[in-house]
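The residues of the chain are indexed from 1 along the displayed sequence. Numbering of ligands and ligand atoms starts at 1, following listing order. The figures that follow rest on heavy atoms only: side chains count, while hydrogens, waters and symmetry mates do not.
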Amino acid sequence: MRVDVLHGPNLNLLGEREPALYGHETLAGIDGHLVAIGKELSCEVRTFQSNHEGALIDYLHATRQLTDAYILNPAGYTHTSVALRDAVIAVAKPSIEVHLSNTEAREAFRHKSLLADVVMGRIQGLGAQGYEWALRALVAHLRTKRQA
Ligand code: DQA
């Protein structure tokens, strides 16, 4: 079983970027934790960050036959990218959208997610922990599917 985690623009600066909103944990810390939890769950976790819309789309295309599911935090592209939405539909894998902050409690332009209706579920406002819950939920989902 494999789950791929995609982080969008500016998330490489986690730890120093607006810590009141996004917390003090670095992206390397979050990714390392997910890989460790994955090991406990017998699930390979691969992580990828890019500041470029096309690179995120290319990553989805390149991994679509290698992975079972995605955790997606497209950051600013959540609210703008029709192309990323189309790619998520195209790869047709169970996906969970994660946001560190509660986007609904922020500026109006962050209330709209172009992924909201094409992902399995969404977790936001729980900080870095949200990624772990997403991983646990996807592993449970994939296991249930395999048993059926
Ligand atoms: C974010 C929320 C987005 O609105 C913002 O553009 C980000 C981070 C989050 O994780 O809270 O860069 O995706």
Is it the case that the side chains of T67 and R46 hold a donor-acceptor pair, with the cut-off being a distance below 3.5 Å and no angle test? no

Under a 4.5 Å side-chain heavy-atom rule over Ile, Leu, Val, Met, Phe, Trp and Tyr, are M1 and L138 clustered together? yes

Does H7 reach the main-chain N or O of N73 with its side chain, forming a donor-acceptor pair under 3.5 Å? no

Note down each nitrogen or oxygen pair, ligand 1 side and protein side, whose separation is under 3.5 Å; give only atom names and the distance to 0.1 Å.
unit_1   : atom_1 : unit_2 : atom_2 : d
ligand 1 : 4 (O)  : H79    : NE2    : 2.7
ligand 1 : 4 (O)  : R110   : NH1    : 2.9
ligand 1 : 6 (O)  : G76    : N      : 3.2
ligand 1 : 6 (O)  : R110   : NH1    : 3.0
ligand 1 : 10 (O) : N73    : ND2    : 2.9
ligand 1 : 10 (O) : L100   : N      : 2.8
ligand 1 : 11 (O) : L100   : N      : 3.3
ligand 1 : 11 (O) : S101   : N      : 2.9
ligand 1 : 11 (O) : S101   : OG     : 2.6
ligand 1 : 12 (O) : R17    : NH1    : 3.1
ligand 1 : 12 (O) : R17    : NH2    : 3.0
ligand 1 : 13 (O) : N73    : OD1    : 2.8
ligand 1 : 13 (O) : H99    : ND1    : 2.8

Could you state whether I96 and Y77 fall into the same hydrophobic cluster, counting links through intermediate Ile, Leu, Val, Met, Phe, Trp or Tyr residues with side-chain heavy atoms under 4.5 angstrom apart? no

D117/R85 ion pair, N-O < 4.0 Å: yes

Whether the E97 and S113 side chains hold a donor-acceptor pair (N or O, under 3.5 Å, no angle test) is what I'd like checked. yes

